[in-house]
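Below is one structure, written out as structure tokens, with a few remarks after it.
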Amino acid sequence: MRIPTATYRIQFNSAFRFEAARAITSYLAELGVSDLYASPIFKARAGSPHGYDVVDPTQLNPELGTQEDFEALVEDLKKYDMGWLQDIVPNHMAYDSQNRYLMDVLEYGPDSTFVEYFDIAWNSPFAGSREPILAAMLGNFYGDCLENGEIQLSYDENGLSVNYYSLKLPLKLESYAKFLNQNLGKLAKSLGGRRHPTFVRLLGILYMVKNIPEELTIHQRRDQSDFVKGLLWELYTDNSEVKSFIDENLQLFNGEPGKPESFNLLESLLSEQFYRLCYWKVGAEEMNYRRFFTVNELISVRVEEFKVFNHTHSLIFRLVSEGKFTGLRIDHIDGLYDPTQYLERLKEKTGDTYITVEKILQFGEDLPNHWQVQGTSGYDYLDYINSIFCQTENEDKFTQIYSDFTGSKTPFEQIVPDKKHLIIDRNLAGDIDNLAFLLKAIAGKYRYGNDFTINGLKRALAEVLSRFPVYRTYITEAGISEVDRAYIQEVIEAAKPYTPYLNNELNFIEKLLLLEYDDYLTQAEKEQWLYFVMRVQQYTGPLMAKGVEDTALYVYNRFISLNEVGGEPGHFGISVSDFHEFNQKRQTAWLHAMSATSTHDTKRGEDIRARLNVLSEIPEEWQKQVRVWNDINRAHKKTFKRSAMPDRNDEYLFYQTLVGAFPFFEHERADCVGRVKEYVLKAIREAKVHTAWLRQNSTYEDAFTDFVTSVLDLSPDNPFLKEFVPFQQRVAFYGIFNSLSQTLLKIASPGVPDFYQGTELWDFSLVDPDNRRPVDFETRHSYLQGIKEQAKTDIIKLIDELFATKEDARIKMFLTVQALKARTEYLEVFQQGSYLPLEVSGKFKEHVVAFARSNGNKFAVTIAPRFFTKLIQPGEYPLGKEVWDDTSIELPSDAPSSWKDAITEQKVQGDGKLLIGEVLKHFPVALLVG
């Protein structure tokens, strides 16, 4: 198995193609990266900025280049001995006209070859329905879209289709009869009579459409459809009268805005289809296919079906077998029906291939230890490493500051179930209705469940789901783990105080979730219980994601550095011992899991978090500044119904965001203003307090974006900026050292360090799509060449220069290069070595994170400081004995006495103990090897 030394995430799209990646392979190799980590590269919806909206996983995305371009990139990577870690999307595909599998289902209905590919009501083993599949893609109510002429019938060589802007859905063949029957007499007259050969041919087509044999197989049916469409297209292109006839019928069916009755024909035609066009908001309350989270445009795939698994993964398996993909990252593993089964099948097909999973772990939660993977894609690591830079002893002060400024006293632990309930009510109501109906069907079979009402069961189920403590459990027909049993028992007890009259319903739900089958159950009934459990497990993840990641994290703004995917803002940081314990567990169980600090899904860039963590050290100063800013900016607020806009909670989020994202250089400020305005708009819609994606409140949104514009007026006499910039620059200064420590810890900790594109320099990106902006690789390559060249001659002089120009981030790149170089040279230490926390003593012992890695007689010691505001004044550097006093670390008894600092390349002596001031003489962090 190829274990990456370090990965580098690239976001492919039409603006960054295979050819562009070829141009940076040498740069990545020089940087110290061993494996390209690619966003999905399979055929996606046209213009996709990210590749997760796949329309055909068996093809490469033509927007990224040709097959030859792909092969050339693979060869370039091999030239530098680099691997390819590929992000794959097994859970869903795009609900899009370009998805030929789905279009086949919508044209041929339940008889389609591909009906088993998608998670739709038609293939539900229990309580399934044959109602038309929703196409919840309209931007307005169906009737309005129809009568405004936005839904149009069109015709081309592929046949008749229903069009709504870029959406193009096929008509089933039987519906051609209704279309062709219109104005037949007029056509006959224009052709000179009903015996005209062309008219006879058209009647023959009409006869075939009206008399499709029911016993046809789907392949015969498709052949007949192609044959009929071909004959009709021949007539259309060869005969001007037929062309006029079809064109005039199209005009007839497409109606005339202002005349509602003129759309009756089209409406009648639409009512015959295997799909139902409707307003996109309908998907929040009525849904007969499973989506990715709440995204109507992403339909879930039944990858648990073996033939679906094999077909959708065929290209992936081929590229793995050819050695072009050397690793796989599985997107949204929790969305799968049976993740364990999926991973077993994947392992069987890909053999000894490096595999990680996108799995969100709550603090204290472990990845299922029987999964045949190398670990997670790194969100858990991100949250732990970030949390050690948050000064935990100031939690009460920040809680009070937040409460005083916003008036909010609700703890995060209560906000979470509240927001999950909100999501259930507004965004996933249809999904929970489906679960409740299934639950009712099961309950009605037993005397102890006979009196349960659908309403009572739904309320009890909603309470359980809203208080579920983790993203999902992994119960299968093989049984239930003790960990999952404990989660279920815990959540049932947590739900009971909130539904005191539904204890019987809750007990019944617990019985089902624990698969405590009664002795008299038939095999079919057991399967129905299991199906319910598996469905619940697929629902808890999206509810957690939408309720917490995309709502609660934008509502609870006490300290937004902690508001990250998988994070728990209710925990105000962690201790160094917690961090060591996490690393020790990783070293034992998941040694090759990925270690991320920024990803395409993070709420803010790693260096924004590094800056914000500085605030945790200075609560009094922070409180003072916020009050001053609020006073200055009060005049920029607008009032509506006696309420100021933005409210103080959103204002508090804005100030924190600005402290983190404000650029070092003045020429970048104008761009920052625009990006912040886009960010706050997304943030308040996600929060769903004053506005939301489903119900946009333009009054509040405009007031907030106008507020940002006024507050960030870049004129020299802006009183806010005069007050803000000095404080922000001070925070940004300290944030630099947090960033350096964070970078080193990521590279040296157990796991595979992952770098999101561009983060070798400062990363002040906000949530997507801001973090998918183009990366200036030319500047980065130029920086890297200069650093490497200067390091050869006088590395201490280079370091002095990097300090003097630290704002340009070359100092972060220098650290990255040097640390990755050491990681490569001492690879067995970092990939296989033991992990030993090192004891720190002396005046500033709480300011140092230190650990040793060893393998045989080879050692590496990592020293990463934190909490710099108590160490140095702005403009000073955390270097030397004058700063560190008697602070020291104890070395392992078998450690060498002679070391080299891989960062500064200076020799260090340490006989059982290392003085921090001696080690950190030239650079703020150290990686000693010996």
Side-chain angles (χ1 to χ4, degrees), residues 97 103 106-109 132 135 138 142-214 216 221-277:
S97 309
M103 293 304 104
L106 298 186
E107 181 171 359
Y108 296 104
L138 303 182
Y142 165 77
D144 292 336
C145 291
L146 185 70
E147 293 180 7
N148 288 337
E150 295 172 40
I151 301 172
Q152 294 279 289
L153 195 63
S154 69
Y155 179 66
D156 59 24
E157 60 184 322
N158 296 311
L160 288 167
S161 61
V162 178
N163 294 259
Y164 176 76
Y165 297 101
S166 64
L167 184 68
K168 181 178 180 179
L169 304 181
L171 252 63
K172 64 180 183 179
L173 192 60
E174 290 86 346
S175 294
Y176 282 53
K178 180 170 289 186
F179 178 81
L180 295 175
N181 265 325
Q182 299 296 318
N183 294 322
L184 267 178
K186 183 179 178 182
L187 174 62
K189 187 176 181 180
S190 68
L191 288 170
R194 290 180 173 271
R195 294 189 178 182
H196 190 282
T198 297
F199 191 77
V200 172
R201 286 171 64 190
L202 185 63
L203 288 180
I205 291 171
L206 193 54
Y207 178 83
M208 283 188 282
V209 169
K210 288 181 175 179
N211 295 276
I212 300 172
E214 291 184 5
L216 289 183
R221 184 177 174 79
R222 193 178 287 112
D223 288 343
Q224 180 161 1
S225 178
D226 290 342
F227 179 63
V228 168
K229 290 176 185 177
L231 290 177
L232 187 60
W233 183 249
E234 252 182 46
L235 283 180
Y236 181 80
T237 53
D238 291 348
N239 189 285
S240 59
E241 283 82 4
V242 173
K243 184 178 186 304
S244 296
F245 162 71
I246 289 178
D247 290 346
E248 288 172 8
N249 274 1
L250 288 173
Q251 189 174 356
L252 177 68
F253 272 77
N254 285 333
E256 185 179 341
K259 295 182 179 180
E261 69 281 359
S262 69
F263 294 94
N264 291 349
L265 282 173
L266 181 56
E267 182 177 20
S268 176
L269 199 68
L270 289 171
S271 70
E272 298 177 355
Q273 305 312 309
F274 291 116
Y275 51 85
R276 172 189 153 206
L277 278 168

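Every heavy atom of this structure was used, including side-chain atoms; hydrogens, water molecules and symmetry mates were not.
The NZ atom of Lys229 sits 16.0 Å away from the OH atom of Tyr236 when rounded to the nearest 0.5 Å. Ser175 contributes atom OG, which lies 10.5 Å from atom CG of Leu180 (distance to the nearest 0.5 angstrom). One finds the NZ atom of Lys189 at 13.5 Å from the CZ atom of Phe199 (value rounded to the nearest 0.5 Å). Between atom OH of residue Tyr155 and atom CD1 of residue Ile246 there is a gap of 5.0 Å, rounded to the nearest 0.5 Å. Atom CG of Leu187 is separated from atom CG of Asn239 by 7.5 Å, given to the nearest 0.5 angstrom. Residue Met208 holds its CE atom at 11.0 Å from CG of Leu203, rounded to the nearest 0.5 Å.
Applying the salt bridge (Lys or Arg N to Asp or Glu O under 4.0 Å) test to every pair with at least one member in residues 237-255, sequence neighbours left out, gives these pairs: Lys186-Glu248, Lys243-Asp247. Applying the salt bridge (Lys or Arg N to Asp or Glu O under 4.0 Å) definition to pairs two or more places apart or across chains, those involving residues 147-158 are Asp156-Lys168. Identified under the salt bridge (Lys or Arg N to Asp or Glu O under 4.0 Å) test for residues 260-276, with sequence neighbours left out: Lys178-Glu272, Arg276-Glu286. Residue pairs meeting the salt bridge (Lys or Arg N to Asp or Glu O under 4.0 Å) criterion with at least one partner in residues 194-207, sequence neighbours excluded, are Arg201-Glu234.
When all heavy atoms of Val162 and Tyr275 are compared, the closest pair comes out as CG2-OH, 3.6 Å. Here the closest non-hydrogen pair linking Ala177 and Val209 is N-CG1, 3.6 Å. Nearest heavy atom pair, residue Leu173 against residue Ser225, reads CD2-CA, 3.7 Å.
Remark: of the listed residues Leu184, Asn211, Val228, Leu232, Leu184 is the sole one forming a side-chain contact (heavy atoms from CB on, under 4.5 Å) with Leu206.
When side chains are defined from C-beta on, Gln273 does not count as touching Leu169, because their heavy atoms never get closer than 4.5 Å. Using a 4.5 Å heavy-atom threshold, the side chains of Glu107 and Leu171 count as separate. Within the 4.5 Å cutoff, no side-chain heavy atoms of Phe263 are placed close to those of Ile151. The shortest distance between side-chain heavy atoms of Phe245 and Ser190 does not fall below 4.5 Å. Within the 4.5 Å cutoff, the side chain of Leu235 has heavy atoms near those of the Ile205 side chain. Two residues are said to be in side-chain contact when any heavy atoms from C-beta on lie closer than 4.5 Å; Trp233 and Asn158 fail this criterion.
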Report all side-chain donor-acceptor pairs from residues 249-259 shorter than 3.5 Å, counting only partners two or more places apart or in another chain.
residue	atom	partner	partner atom	Å
Asn249	OD1	Asn183	ND2	3.1
Asn249	ND2	Phe179	O	3.0
Asn249	ND2	Gln182	O	3.1
Asn254	OD1	Leu153	N	2.5
Asn254	ND2	Gln152	OE1	3.3
Asn254	ND2	Leu153	O	3.0
Asn254	ND2	Leu250	O	3.1

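In this view, Arg221 and Glu174 satisfy the side-chain hydrogen bond (donor to acceptor under 3.5 Å, both in side chains) rule, not counting sequence neighbours.
Tyr176 places no side-chain N or O within donor-acceptor distance of the main-chain N or O of Gly159, the cut-off being under 3.5 Å.
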